[in-house]
Colleague: 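The structure is given below, and queries will be raised subsequently.
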Number of protein chains: 2
Amino acid sequence: MKIEDIIQSKAMPLGRKTALNLMYTSNLLQDKTAEILKPFDLSPEQFNVLRILRGQKGNPANLCTIQERMICKMSNTTRLVDKLLAKGLVERSVCQENRRKVEINITEKGLSILAEIDEPIDEHNSNIIKNLTKEEIEAFNETLEKIRD
Amino acid sequence: MKIEDIIQSKAMPLGRKTALNLMYTSNLLQDKTAEILKPFDLSPEQFNVLRILRGQKGNPANLCTIQERMICKMSNTTRLVDKLLAKGLVERSVCQENRRKVEINITEKGLSILAEIDEPIDEHNSNIIKNLTKEEIEAFNETLEKIRD
DNA sequence: TTACTTTAGTTGTATATACAAGTATTTAGT
DNA sequence: ACTAAATACTTGTATATACAACTAAAGTAA
């Protein structure tokens with residue numbers, strides 16, 4: 001269904017239409033992601049932070065590194081990490097080289113919950129590109145990059 | 001900058017990469033929108049609802065209609081509309097044909113604040129497509145549609 | 001008419017997030 | 001070495017949002 005029909009609004013500037021289409025589609029995706037994560041009691045951003053930590057392959061990450069890589073930058077990463085800490089999915093320690101920093105590591109429990117979630121999430125992610133050719137996907141990702149610049 | 005470099009993660013499945021790229025870019029856009037709206041004391045969704053109401057061209061909209069057309073569906077449209085009501089940007093009355101429904105209309109004040117905001121928002125929206133050809137934009141919007149299906 | 005279901009919206013409460021101010025550590029300048 | 005500025009994070013507080021329970025009106029059917 002075309003975005004114009006969904007939001008019932010014909011004849012808008014092309015930039016506005018494109019922006020609304022992008023945000024609308026992204027929100028659908030995020031809602032679906034949240035639904036998949038719900039049984040695991042994780043929010044999309046908590047999940048995202050766990051994946052960032054897993055990507056560190058054993059090296060700790062500090063809060064500002066996490067924040068830089070987050071999909072949705074938020075004003076309070078401390079408390080988001082607190083939630084993961086309370087669930088035993090991450091560990092936190094003071095960085096000895098620079099005592100202002102904290103070092104955050106994913107725990108075994110964190111890794112194992114991620115391993116469980118990867119399947120349904122990647123299945124959904126494959127699903128969103130199932131109607132697209134490889135060229136189309138490539139072009140789409142490039143267009144997103146140009147939009148960000 | 002490529003999404004892989006932003007989130008520092010090489011070699012992920014194409015679907016995951018595309019999903020992350022889409023959500024990351026959308027969030028940037030929404031943050032920028034929020035920034036533009038800040039001086040007007042409106043959140044992106046409050047602004048969105050005002051535009052939906054303007055699109056009604058004098059006809060009232062009820063809450064479920066608004067919810068259907070919102071970019072970001074939320075669990076509590078009542079209270080979002082309450083905020084707009086408190087600011088005098090919308091009016092609310094009980095629908096006489098079906099007294100379960102409420103009819104919401106945008107006020108003159110609502111229309112005039114929208115008129116002010118349209119400029120900076122559309123300028124930003126034009127900006128995001130400035131590096132794209134017309135064909136590229138068309139293809140992009142079509143791909144978003146396919147992703148939603 | 002009465003009872004059951006559905007629809008439309010509201011409200012209570014717990015949690016999340018934003019924003020600003022605060023603390024501790026490090027860096028830089030004199 | 002002393003002070004000022006910057007960095008990294010934390011905390012208080014106000015506001016926003018999610019979720020579930022609730023109310024009220026309308027439709028349906030025996």
Side-chain angles (χ1 to χ4, degrees), chain A residues 23 27-28 30-49 52-53 60-87 89-105, chain B residues 23 27-28 30-49 52-53 60-87 89-105:
Chain A
M23 293 190 285
N27 282 321
L28 278 188
Q30 294 195 48
D31 288 350
K32 182 66 187 170
T33 305
E35 196 186 313
I36 295 171
L37 293 174
K38 193 125 195 255
F40 300 95
D41 192 33
L42 285 178
S43 71
E45 273 313 320
Q46 287 174 10
F47 172 60
N48 185 218
V49 168
I52 289 167
L53 293 173
N62 45 50
L63 280 182
C64 55
T65 306
I66 290 174
Q67 206 156 10
E68 270 169 26
R69 297 189 192 162
M70 280 170 75
I71 294 301
C72 175
K73 278 101 180 73
M74 56 152 45
S75 58
N76 217 323
T77 313
T78 300
R79 278 195 272 243
L80 194 150
V81 170
D82 281 345
K83 299 285 153 52
L84 296 174
L85 200 67
K87 292 175 194 166
L89 305 177
V90 303
E91 284 169 340
R92 167 154 59 179
S93 57
V94 175
C95 172
Q96 287 312 310
E97 289 81 60
N98 186 339
R99 289 161 37 69
R100 285 171 303 185
K101 295 187 178 182
V102 294
E103 293 185 329
I104 297 148
N105 274 292
Chain B
M23 294 190 284
N27 283 321
L28 278 188
Q30 293 194 48
D31 288 350
K32 182 65 188 171
T33 305
E35 196 187 311
I36 294 171
L37 293 173
K38 194 127 195 255
F40 299 95
D41 193 32
L42 284 176
S43 71
E45 272 314 319
Q46 288 174 9
F47 173 59
N48 186 219
V49 168
I52 289 167
L53 294 172
N62 44 51
L63 280 182
C64 54
T65 307
I66 290 173
Q67 207 155 10
E68 270 170 27
R69 297 189 192 162
M70 279 169 78
I71 295 301
C72 174
K73 280 99 180 73
M74 57 151 47
S75 58
N76 216 321
T77 313
T78 301
R79 279 196 272 244
L80 192 151
V81 169
D82 281 345
K83 300 283 155 55
L84 296 173
L85 201 66
K87 292 175 195 167
L89 305 177
V90 303
E91 284 169 341
R92 166 152 61 179
S93 57
V94 175
C95 172
Q96 286 311 311
E97 289 80 58
N98 187 336
R99 287 163 37 68
R100 285 172 302 186
K101 296 187 176 181
V102 294
E103 293 185 329
I104 296 148
N105 275 292

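Since we're looking at a predicted model, the values are computed, not measured. Proteins get letters first, then strands, A, B, ... in listed order; numbering begins at 1 in each.
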Colleague: Could you check how far CD of B:Gln67 sits from C1' of C:dT7, rounded to whole Å?
Modeller: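 It works out to 13 Å between those atoms.
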Colleague: Within the 4.5 Å heavy-atom criterion, are A:Leu89 and A:Leu42 side-chain neighbours or not?
Modeller: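 Heavy-atom side-chain distance check passes, below 4.5 Å.
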Colleague: Atom CZ of B:Arg99 to atom C1' of D:dG27: distance rounded to whole Å?
Modeller: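 Answer to the nearest Å: 16 Å.
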Colleague: In whole angstrom, what separates B:Leu85's CG from C:dG9's C1'?
Modeller: 14 Å
Colleague: Considering heavy-atom distances to DNA chain C, does B:Thr77 or A:Gln96 have its closest nucleotide positioned more toward the 5' end?
Modeller: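 It is B:Thr77, whose closest nucleotide lies nearer the 5' terminus.
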Colleague: Quick one: which residue pairs count as a side chain to side chain donor-acceptor pair (under 3.5 Å) with a foot in residues 35-46 of chain A, not counting sequence neighbours?
Modeller: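 Residue pairs passing side chain to side chain donor-acceptor pair (under 3.5 Å), neighbours aside: A:Gln46-A:Lys87.
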Colleague: Does A:Asp31 have any side-chain contact (heavy atoms from CB on, under 4.5 Å) partners at least two apart in sequence or in another chain, and if so, which?
Modeller: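 Partners of A:Asp31 by the side-chain contact (heavy atoms from CB on, under 4.5 Å) criterion come out as none, since no residue qualifies.
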Colleague: Could you work out, with side chain to side chain donor-acceptor pair (under 3.5 Å) as the rule, every residue matching A:Asn62, not counting sequence neighbours?
Modeller: A:Thr65
Colleague: Find the distance A:Gln30:CD to C:dA16:P and express it as a whole number of Å.
Modeller: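 The answer, rounded to whole Å, is 17 Å.
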Colleague: With sequence neighbours left out, write down each residue that passes side chain to side chain donor-acceptor pair (under 3.5 Å) with A:Gln30, or none if nothing qualifies.
Modeller: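 A:Ser26.
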Colleague: Rounded to the nearest 0.5 Å, what's the gap from CG on A:Leu63 to OG1 on A:Thr78? Could you check?
Modeller: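 Answer for the CG-OG1 pair, A:Leu63 versus A:Thr78, is 5.0 Å.
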Colleague: Could you state the atom-to-atom distance from CD of B:Glu97 to P of C:dA8 in whole Å?
Modeller: 14 Å
Colleague: Please tabulate the protein-to-nucleotide N/O contacts below 3.5 Å involving nucleotides 17-19 of chain C, giving atom names and distances.
Modeller:
| unit_1 | atom_1 | unit_2 | atom_2 | d |
| --- | --- | --- | --- | --- |
| C:dA18 | OP2 | A:Ser75 | N | 3.1 |
| C:dA18 | OP2 | A:Ser75 | OG | 3.3 |
| C:dA18 | N6 | A:Arg79 | NH2 | 3.0 |
| C:dC19 | N4 | A:Asn76 | ND2 | 3.4 |

Colleague: Let me confirm one number: the CG-CG distance from B:Leu80 to B:Leu85, rounded to the nearest 0.5 Å.
Modeller: 11.5 Å
Colleague: Any side-chain heavy atom of A:Asn48 sitting closer than 4.5 Å to one from A:Ile52?
Modeller: yes
Colleague: Which letter, B, S or -, goes with each nucleotide of nucleotides 1-9 of chain D from 5' to 3', with contact meaning a protein heavy atom under 4.0 Å?
Modeller: -----BBSS
